[in-house]
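The block underneath contains the structure these notes are about, expressed in structure tokens.
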Amino acid sequence: MVLIDGTLVRTRRRTGEENRPNYSGKHKVHGLLFLALTDERGNLLWISAARPGRSSEITTARHNKVTTRLREAGLGALADLGFVGLDDDPDDPVIVTGRKAARGRPLTDAEKQANRLVSRERAANEHGFADLKSWRVLTKLRMNAEHGTALLRALLVLTNAEISR
């Protein structure tokens, strides 16, 4: 079982047309969106390729074919509500998410309890992102997605080396 989540790594705004896709309307900042897989203790296992900040988590997961790769590896994943609808096989789900309330249908007590359990298990994922985002070089980022991917994957290796010491 792994945990999957996405995060926006803030970047400094570059001038011109090429940086407009990097603006995240959700966070109201420029940045690059990454998905990460962590184990149940919060250790980062994998980082996706960077996508512009305007992308959503579910679009990034579809672009990286996360569900097929998890199936091939024989793994299951816990995810937040940003990934609802990602899994294409409801009979054999590989990604478990919480439940969303609809306008005319509030959540039952059992669904609320299930959401709390999923949230409790997913807390370790946020600790993995915190370890990765603690690198000071990320505060000065001013680059496109290809360079950001290489930098974040290098920082993933350094973070894992530092944690395992």
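Positions are given from 1 along the sequence.
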- Item | 4.5 Å side-chain heavy-atom contact, Val94 and Leu75 | no
- Message: Given 3.5 Å as the limit, does a donor-acceptor pair link the side chain of Asn115 with the main chain of Arg99, or not?
- Response: yes
- Query: Does one hydrophobic cluster hold both Ile95 and Val118, with members joined at side-chain heavy-atom distances below 4.5 Å?
  - Reply: no
- Task: Would you give the length of the straight line joining atom CG of Leu86 to atom OG1 of Thr97, rounded to the nearest 0.5 angstrom?
- Result: 9.0 Å
Would you mind writing out the side-chain donor-acceptor pairs for residues 43-51 within the sub-3.5 Å range, not counting sequence neighbours?
from	atom 1	to	atom 2	distance (Å)
Asn43	ND2	Asp39	OD2	3.3
Ser48	OG	Leu35	N	2.9
Arg51	NH1	His63	NE2	3.4

- Asp80 side chain to Gly82 backbone, donor-acceptor under 3.5 Å: yes
- Task: Calculate, to the nearest 0.5 Å, the distance between atoms CD and CE belonging to Glu121 and Met1 respectively.
- Result: 9.0 Å
- Item | Minimum heavy-atom distance Glu40-Ala124, with the two atoms named | O-CB, 3.4 Å
- Query: Going from CZ on Phe129 to OG1 on Thr159, what distance comes out if it is rounded to the nearest 0.5 angstrom?
  - Reply: 12.0 Å
- Message: Would you say Leu132 ends up clustered with Val9 if hydrophobic residues are merged whenever their side chains have heavy atoms under 4.5 Å apart, either directly or through other cluster members?
- Response: yes
- Nearest heavy-atom contact between Pro52 and Leu33 is O-CB, 4.0 Å
- Message: According to side-chain contact (heavy atoms from CB on, under 4.5 Å), who are the partners of Ser56, at least two apart in sequence or on a separate chain?
- Response: Ile58, Thr59
- Note on the structure: Sorted by chain and number, sequence neighbours left out, side-chain contact (heavy atoms from CB on, under 4.5 Å) with Thr108 holds for Ala110, Glu111
- Query: Members other than Leu107 in its cluster, when Ile, Leu, Val, Met, Phe, Trp, Tyr link by side-chain heavy atoms under 4.5 Å?
  - Reply: none
- CG/Leu78 to CZ/Arg120 distance, rounded to the nearest 0.5 angstrom? 12.5 Å
- Query: Shared ILVMFWY cluster between Val137 and Leu32, side chains joined below 4.5 angstrom?
  - Reply: yes
- Residues Pro106 and Ala101: closest non-hydrogen pair is CA-CB, 4.4 Å
- What closest approach, in Å, do Phe83 and Ala61 show between heavy atoms, and which atom pair accounts for it? CE2-CB, 3.9 Å
- For Gln113, check side-chain hydrogen bond (donor to acceptor under 3.5 Å, both in side chains) against everything at least two apart and list the hits. Arg116
- Task: Treating Ile, Leu, Val, Met, Phe, Trp and Tyr as nodes and any side-chain heavy-atom pair under 4.5 angstrom as an edge, say whether Val66 and Val2 lie in one connected cluster.
- Result: yes
- Message: side-chain contact (heavy atoms from CB on, under 4.5 Å) for Arg153 and Phe34? Distances and angles first, verdict last.
- Response: CA-CA 11 Å; Arg153 287 186 175 161; Phe34 290 90; over 6 Å; no
- Heavy-atom closest pair (Thr60 atom, Ser55 atom, distance to 0.1 Å) is OG1-CB, 3.8 Å
- Query: Can you tell me how far CG of Leu70 sits from CD1 of Ile4, rounded to the nearest 0.5 angstrom?
  - Reply: 6.5 Å
- Rounded distance (nearest 0.5 Å) linking atom OG1 of Thr38 with atom CD of Glu126: 9.0 Å
- Task: Applying side-chain hydrogen bond (donor to acceptor under 3.5 Å, both in side chains), name anything that partners Thr67, two or more places apart in sequence or on another chain.
- Result: none
